[in-house]
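Here the structure is a predicted model, which is why all the values come from computation and not from measurement. Sequence lines set the chain letters: A, B, ... in the order given, protein chains first and strands last, and positions in each chain run from 1.
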There are 2 protein chains.
Amino acid sequence: MAMNLKELSAHLGLSQTTVSRALNGYPEVGEATRLRVMEAASRFGYRPSPAARRLATGTAHALGIVFPVERNVLLDPLFVEFLAGVSETAGRNNFDILISPTTSETEIATYGRLVRSGTVDAVIISSPAVDDPRIVRIGALGFPAVVHGRAGEGLDVVSLDIDNRGAFLQATRFLLQLGHRRIALVNGDERFTFAVDRRAGTLDAFAEAGNQPSLDLFSAGPMTMENGYRAARAALAGEGPPTAFLCGSILVALGVLKAVAESGLEVPGDISIIAHDDEMPAFRADQMMPPLTTTRSSIRAAGARVAEMALAQVTGEVLDQPHEVWPVELIVRASTAPPPVR
Amino acid sequence: MAMNLKELSAHLGLSQTTVSRALNGYPEVGEATRLRVMEAASRFGYRPSPAARRLATGTAHALGIVFPVERNVLLDPLFVEFLAGVSETAGRNNFDILISPTTSETEIATYGRLVRSGTVDAVIISSPAVDDPRIVRIGALGFPAVVHGRAGEGLDVVSLDIDNRGAFLQATRFLLQLGHRRIALVNGDERFTFAVDRRAGTLDAFAEAGNQPSLDLFSAGPMTMENGYRAARAALAGEGPPTAFLCGSILVALGVLKAVAESGLEVPGDISIIAHDDEMPAFRADQMMPPLTTTRSSIRAAGARVAEMALAQVTGEVLDQPHEVWPVELIVRASTAPPPVR
DNA sequence: AGCATCGCTCAAAGCGCTTTGAGAGGAGCC
DNA sequence: GGCTCCTCTCAAAGCGCTTTGAGCGATGCT
């Protein structure tokens, strides 16, 4: 087994106190002593036992993410990318990441367990629903948490979200300016805040321009290719088909593209497409045919920042911005054009 | 804070020993006492502190997965699905899952840290490379580990793999029987064992039939749509284009489908496609157009079994099968047909 | 010189659990 | 009754760390 503190201090002829303090950067220990301790520690490959430290300090040095085993269909590739972001900062600060598997029904209980057992110091809540009971619960518990998405109004839970509403406002505004009127929205599941916000942004643009949105062209569901395909088929087959599609993700856009192609229509000649791009490396908007116009925001960077915000709370640091909202860029590529004249 | 053992036993008028034993199912405690203890524990919502238990027993009650922050491009959606499987069994046994973020260079060190610090009781190694140093290392350490994929010969590390070689043997055999001769393989990165095995299986089928494979049609790379598309474009543009494609994943097949469509060819009339299907719920082979012929194996089920194997090692259970290899089914759907006559 | 002050170090007391070794009481046997 | 043998329970000793409160020279001030 690895060396423990007792042995190390014995080797050094110092007390455990001094060694521990030297290693943890307490000011009470002399610089010369500290150096000597540090050197010996790395020479012997000493690593304090996390369990012991945890027990003694009550801090876990870990971030918790509850992993919804069944619901993940919605998020699959996005989740990994987000996780990668969280990982990056967590790793840099020597924090572990604990994934707690759970089913929807027991999800709240799982959070409670995580919180109370002291296995983690802070919790990250991703893709919150509207009035998400998880957030309400965590808020009530007063436990360090960061929501990736929009947290309810009154709750003082730290959150980071991208400006979904602004993004879809911009995107829709752009389509309207190009002359599109019949615009289809293939949204994510509207129980989630991000989807609600996107819908709102889309409507904002119509209101701003004084145009009537065609609500029959709005749909919501899991952000998969399959659903994009299905929604687009349905929209294109209806009377008064759309001339443009707004898609919740690149995956959805892929499905839409396919449906459009099958209908013998062309992008962007007949149909314009704008998708929201979370920057999944496996699905790059600029590599699609045609390269997609997108509203872009790195979900990975968001993950990294969310982790930072969580760590800040753990260390008692005060965030000057408890609710960050990141702006989203509209990147115009080749999937948008004025609607066909007829 | 939650109640601790001391308080609970005080309430019950029993010693900590007895309460602890009652809760952990030791035989020394009377049935009546046990019931009384259990009842009180759940009534007070008592949960033993993981940290304390960890320290006392030296067992972490957690499984470790090292999460390669950069390499994940290859695996994105697959990884989540696998993780979901691991989660299921881990959760059922009250094991936590620790994700340790790492970059390729420090990956081995990360494993070492995980192993030595006692943060986890077992480690899961996914998508091993040929002669993967991680496995060699873990094998040398004698630490409980399960490899998802093929573990090197001599190393006695428990592993679970699907029969990649057999799968591609079957698939290729099927294509050969249909009359295809120029068969393209769009493989995963051939540093990984699964990809090597698939290539081998493909060659096996050619050898078995006494045919020459067209190695110029074989390619390898990340299993993304993009790469599938690129590989297929290249293959179709060359002289002596293929009449069939073998794809490493559904994603790859999607890219191939697109390239085929762009070349004005039809599936399966002009081109047959078989893909390996890991059963990602977001990309269902039977929902594609046309529904894809696949070699199918649930990566999620594999994750669940891998976790079981890891737990077994932790509890000292002996696995009668330290190297499981799961058979893979060939599911014939609508993307395969005899090659066009000309 | 005498006092307070500072810098450095230490012994010891937890943190909340498991586990060892032992004891108390009852049953079973001669 | 006296003995052993179970059954059930307990006190106490860790697990490896942090942290409190104290001690002990050396330094600075009057």
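- Ring geometry, A/His11 versus A/Phe44: the interplanar angle falls from 30° to 60°, so the pair is classed tilted.
- Spacing between atom CG of A/Leu14 and atom C1' of C/dT9 amounts to 8 Å, rounded to whole angstrom units.
- For A/Tyr26, whose side chain is taken as the heavy atoms from C-beta onward, the closest listed nucleotide among D/dC8, D/dG14, D/dT19 is D/dT19.
- Look at A/Thr57 and you won't find any side-chain N or O under 4.0 angstrom from OP1 or OP2 of D/dT18.
- To the nearest angstrom, C1' of D/dT18 lies 9 Å from CZ of A/Arg21.
- In the set D/dC15, C/dC8, C/dT19, C/dC8 carries the atom at the smallest distance from any side-chain atom of A/Thr33.
- What separates CD of A/Glu28 from P of C/dC8 is a distance of 10 Å, to the nearest Å.
- Across the protein-nucleic acid pair, B/Leu5 atom CG and C/dT18 atom C1' stand 9 Å apart, rounded to whole Å.
- When the C1' atom of D/dC17 is taken as reference, atom CZ of B/Arg54 falls 15 Å away, rounded to whole Å.
- Residue A/His61 contributes atom NE2, which lies 14 Å from atom P of D/dC17 at whole-angstrom precision.
- The base of C/dT18 does not come close enough to the side chain of B/Thr17 for any donor and acceptor atom to sit less than 3.5 Å apart.
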Report task. Take B/Asp96 and B/Leu63 through the test side chain to side chain contact (heavy atoms under 4.5 Å, CB included) and record every step on the way to the result. Result -> CA-CA 6 Å; B/Asp96 287 326; B/Leu63 258 33; over 6 Å; no
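- Counting only heavy atoms from C-beta on, A/Gln16 has its side chain closest to D/dC17 among D/dC17, D/dT19, D/dC10.
- Side-chain atoms of A/Thr18 lie closest to C/dT9 of the nucleotides C/dT9, C/dT19, D/dC10.
- Closest-nucleotide positions on DNA chain D for B/Ala56 and B/Glu31 were compared, and the one nearer the 5' end corresponds to B/Glu31.
- Between A/Arg34 atom CZ and C/dT9 atom P the separation is 10 Å, expressed in whole Å.
- For B/Asn4 and C/dC15, the shortest distance from a side-chain N or O to OP1 or OP2 is not below 4.0 Å.
- Judged purely by distance below 3.5 Å, without hydrogens or angles, the side chains of B/Thr18 and B/Ser15 pair a donor atom with an acceptor atom.
- Of the candidates D/dT18, C/dC8, C/dC17, C/dC17 carries the atom nearest the B/Tyr46 side chain, counting heavy atoms from C-beta on.
- What separates CG of B/Asn24 from P of C/dG16 is a distance of 17 Å, to the nearest Å.
- In terms of phosphate contacts, A/Ser15 brings no side-chain nitrogen or oxygen within less than 4.0 Å of OP1 or OP2 of C/dA11.
- Checking B/Ser159 against B/His323 by side-chain atom types alone, a donor-acceptor pair falls below 3.5 Å.
- Nearest to the side chain of B/Ala52, among D/dT9, D/dT18, C/dG16, sits C/dG16.
- Shown are A/Glu81, A/Met280, A/Glu279; of these, the side-chain contact (heavy atoms from CB on, under 4.5 Å) with A/Ile299 is made only by A/Glu81.
- Nearest nucleotide to the side chain of B/Arg53, out of D/dT9, C/dT18, D/dT18: C/dT18.
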